[in-house]
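Residues: numbered from 1 along the sequence shown. Ligands are counted one by one from 1 in listed order, and the atoms in each one are counted from 1 as well.
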Amino acid sequence: MSEHKTLVTGGTGQLASALAARADVVRIGRPEFDFDRPDSIASVFQSVRPGLVINAAAYTAVDKAETDVDAAYRANRDGPATLARLCADADIPLIHISTDYVFDGLKSDPYVETDPVAPQGVYGASKLAGEQAVLASGGRAVILRTAWVYAETGKNFVRTMLAVAKTRDRLTVVADQHGCPTVAGDLADGILKIVSTIDRTGWQTAYHGIFHAAGSGETTWFGLAVATFEEAARHGARIPEVAPIKTADWPTPAKRPANSRLDCSRLQAVFGVRLPHWRESLTRTVDQMYSTAPP
Ligand SMILES: NC(=O)c1ccc[n+]([C@@H]2O[C@H](COP(=O)([O-])OP(=O)(O)OC[C@H]3O[C@@H](n4cnc5c(N)ncnc54)[C@H](OP(=O)(O)O)[C@@H]3O)[C@@H](O)[C@H]2O)c1
């Protein structure tokens with residue numbers, strides 16, 4: 001890690017927590033650092049004087065964003081734009097996190113970074129606007145699009161499944177959305193490897209731009225639910241029957257891409273980073289949940 005401080009935004013969020021658990025970083029969250037109060041961004045920046053910034057803060061409530069449009073854009077576009085300008089002015093790298101939801105999901109293969117974007121909802125559109133603002137700042141930026149993030153703590157699909165299983169005998173889960181589940185800790189490990197590479201080699205032009213960074217392999221939400229219960233069964237948990245349904249049978253305010261599988265080969269080619277296979281990470285993460293904070 002560089003002798004300069006690494007500033008991590010995102011407070012107690014899944015990724016910010018995973019980064020703070022693994023490295024000596026300055027982690028900041030609300031109220032001190034709030035994208036709704038633009039001057040708080042500059043004042044944190046000036047008091048920390050970071051050598052690199054990892055922006056893990058975002059408006060992540062995908063359905064709520066459909067009606068809370070201004071707040072989503074403040075956190076996902078305007079805040080990152082301000083942060084990126086501060087990083088550009090200070091001549092330091094910014095690692096900014098984005099999402100698979102910038103795509104419409106109609107492609108049949110995994111998405112590569114150069115594929116056309118076409119977000120389906122406000123969250124995806126605001127995150128896409130954030131990517132564009134970061135690139136427009138003119139600074140050095142690594143933008144990592146990740147997907148289906150969960151952690152051993154916090155609010156996420158895996159923990160929700162385990163919590164719901166306590167009271168339900170039967171569950172239905174969407175089986176026609178395909179993606180790459182990503183454990184926050186695995187993504188944090190990958191990001192920290194990127195930081196060490198930047199420290200070791202100095203900034204290279206190949207580092208600039210968009211990279212896909214999700215767990216290896218692929219599944220559906222149904223597949224993730226079934227695998228979660230397989231793991232929970234090893235811990236003696238009560239397991240419900242799980243039935244697959246179509247997206248059309250589970251209407252949500254925001255439309256989700258049917259295919260959000262990300263091809264992460266550019267990340268591997270440039271930084272030598274490949275996130276572990278989602279299935280092995282699930283085993284490890286469910287074990288951690290039961291040993292620390294059972295759902
Ligand atoms: N979760 C997913 O499935 C997923 C999928 C694809 C991409 N991503 C991206 O991955 C990154 C990390 O996500 P995550 O899963 O760690 O999200 P998370 O657990 O929801 O954490 C996001 C954090 O952002 C902070 N935040 C929200 N609004 C803010 C504002 N107006 N000003 C300052 N901070 C604000 C909150 O921190 P405090 O309230 O604690 O300060 C929150 O804890 C985000 O860029 C997200 O878009 C996530």
Apply side-chain hydrogen bond (donor to acceptor under 3.5 Å, both in side chains) to residues T12 and R27 and explain how you reach the verdict.
CA-CA 9 Å; T12 56; R27 173 174 42 153; over 6 Å; no
From the list N259, D263, D104, side chain to side chain donor-acceptor pair (under 3.5 Å) with Y111 holds only for D104
Where does the angle between the aromatic ring planes of F157 and W221 fall among parallel (under 30°), tilted (30 to 60°) and perpendicular (over 60°)?
tilted
If you look only at pairs with a residue in residues 133-151, which of them pass as a salt bridge (charged side-chain N to carboxylate O under 4.0 Å, His left out), with sequence neighbours excluded?
D91-R140, E131-R145
Residues at least two apart in sequence or cross-chain that pass salt bridge (Lys or Arg N to Asp or Glu O under 4.0 Å) with R284, listed by chain then number, are D186
Please tabulate, for side-chain N and O atoms in residues 271-278, each donor-acceptor pair with protein atoms closer than 3.5 Å (sequence neighbours left out).
{"from": "H277", "atom 1": "ND1", "to": "R279", "atom 2": "N", "distance (Å)": "3.1"}
{"from": "W278", "atom 1": "NE1", "to": "E218", "atom 2": "O", "distance (Å)": "3.2"}

Near ligand 1, which protein residues have a heavy atom under 4.0 Å away?
G10, G11, T12, G13, Q14, L15, G29, R30, F33, D34, F35, D36, A56, A57, A58, T60, A75, I97, S98, T99, D100, Y123, K127, T146, A147, W148, V149
